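Every number for a ligand or one of its atoms is a count from 1 in the order of the listing. Model, not experiment: these values are computed from the prediction.
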Amino acid sequence: MSEILEDLKRAIMQGEEEQSAELVGRALETGLSPRAILEEAMMPAMEEIGERFSRNEAFIPELIVAAAAMERGMEVLQPALSGEEVARGLVVLGTVHGDIHSIGKNLVRMCLEGSGFRVVDIGEDVPTERFVEAYREHRPDILGLSALLSSTMQRMPEVIEAVRAEDPSALIMVGGAPVTQDFADRIGASGYAPNAFEAAVKARELLGTGG
Ligand code: B1M
């Protein structure tokens, strides 16, 4: 890994917001792709802090500052990820009820936008009824559900059922760290993606607008 990416990973883990922003900017200037910056430095930083948390070597305050540094870096990365809106379709996206994790969803939003989709982000901790209301209001081509906890992913089937009661042909994509293809199939989701880049590919596939 290049020195900049190592420094970036460290800055995020230590919650250094401004350093994170500056290093993302420098990494882009050296010609590194947004994907490499995300996959080689930013996401591993969050994974490692999560592993430390599991081992009781890091605590909630450290997770919070690392998340803030990650978000700050993502702000700098966003323009490099976004492309022209080419009217590929509309996606309504949210994290399910009881779950306040936002970073993965925000990255999915950025990658979808970068791939030409318009995205209405309805936020985190979204009650099932709010998903139904948003679906009714926007009539999106795809509804996207994110969950980071093995407890909150259990909310997904309930959202799918409620939205399909409104529109039986609703296309619903699910994702998030504990979610698997097998789980997605079992709950009747239309699609699953393991990461934000694949989410954009899957959304295009679902709408038949190219892989
Ligand atoms: Co939390 N947390 N957290 N946390 N947290 C995890 C998820 C955990 C794995 C940490 C651990 O124990 N190792 C664990 C969950 C265990 C489980 O249930 N399986 C956990 C826990 C336990 C908790 C609390 C319960 C802790 C507590 O209070 N005791 C609590 C719950 C709060 C709640 O939601 N009610 C909690 C709180 C928090 C913070 C608020 C401190 C903070 C979130 C801040 C924020 O998001 N603004 C936080 C963080 C930062 C994490 C870790 C460290 C990092 C998450 C992250 O941002 N990853 C995380 C450990 C880990 O993930 N290894 C952890 C980076 C991000 C880019 O990846 O979100 O996976 P990810 O998104 C990916 C893919 O999943 C996918 O694409 C994204 C980009 O490639 N994807 C989709 C996501 N959504 C998708 C939707 C799609 C398609 C793909 O289609 C629609």
A.B. asks: In terms of side-chain heavy atoms, does Thr128 have a donor or acceptor partner in Glu158 at a distance below 3.5 Å?
C.D. replies: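 Yes.
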
A.B. asks: How long is the span from the NE2 atom in His101 to the CG atom in Leu63, to the nearest 0.5 Å?
C.D. replies: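 CG of Leu63 is found 7.0 Å from NE2 of His101.
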
A.B. asks: Do the side chains of Met13 and Leu5 join up, straight or via other hydrophobic residues, at under 4.5 Å, putting them in one cluster?
C.D. replies: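 No, it is not one cluster - the side chains of Met13 and Leu5 are not joined through contacts under 4.5 Å.
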
A.B. asks: Do NZ/NE/NH1/NH2 and the carboxylate oxygens of Glu205 and Lys202 come within less than 4.0 Å?
C.D. replies: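 Answer for the salt bridge query: yes.
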
A.B. asks: So, Arg164 side chain and Ala170 main chain: donor-acceptor pair closer than 3.5 Å or not?
C.D. replies: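 Side chain of Arg164 to backbone of Ala170: a pair is present.
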
A.B. asks: Can you tell me which residues line ligand 1 if we count any heavy atom under 4.0 angstrom from one of its atoms, in chain and number order?
C.D. replies: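 Around ligand 1, where the cutoff is 4.0 Å for heavy atoms, the contacting residues are Met43, Met46, Glu47, Ile49, Gly50, Phe53, Ser54, Ile60, Leu63, Ile64, Ala67, Glu71, Leu93, Gly98, Asp99, Ile100, His101, Ser102, Ile103, Gly104, Leu107, Val108, Gly144, Leu145, Ser146, Leu148, Leu149, Ser150, Met173, Val174, Gly175, Gly176, Ala177, Ala193, Pro194, Asn195, Ala196, Ala199.
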
A.B. asks: Just checking, any donor-acceptor pair under 3.5 angstrom between side chains of Asp182 and Thr180?
C.D. replies: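 No donor-acceptor contact under 3.5 Å links the two side chains.
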
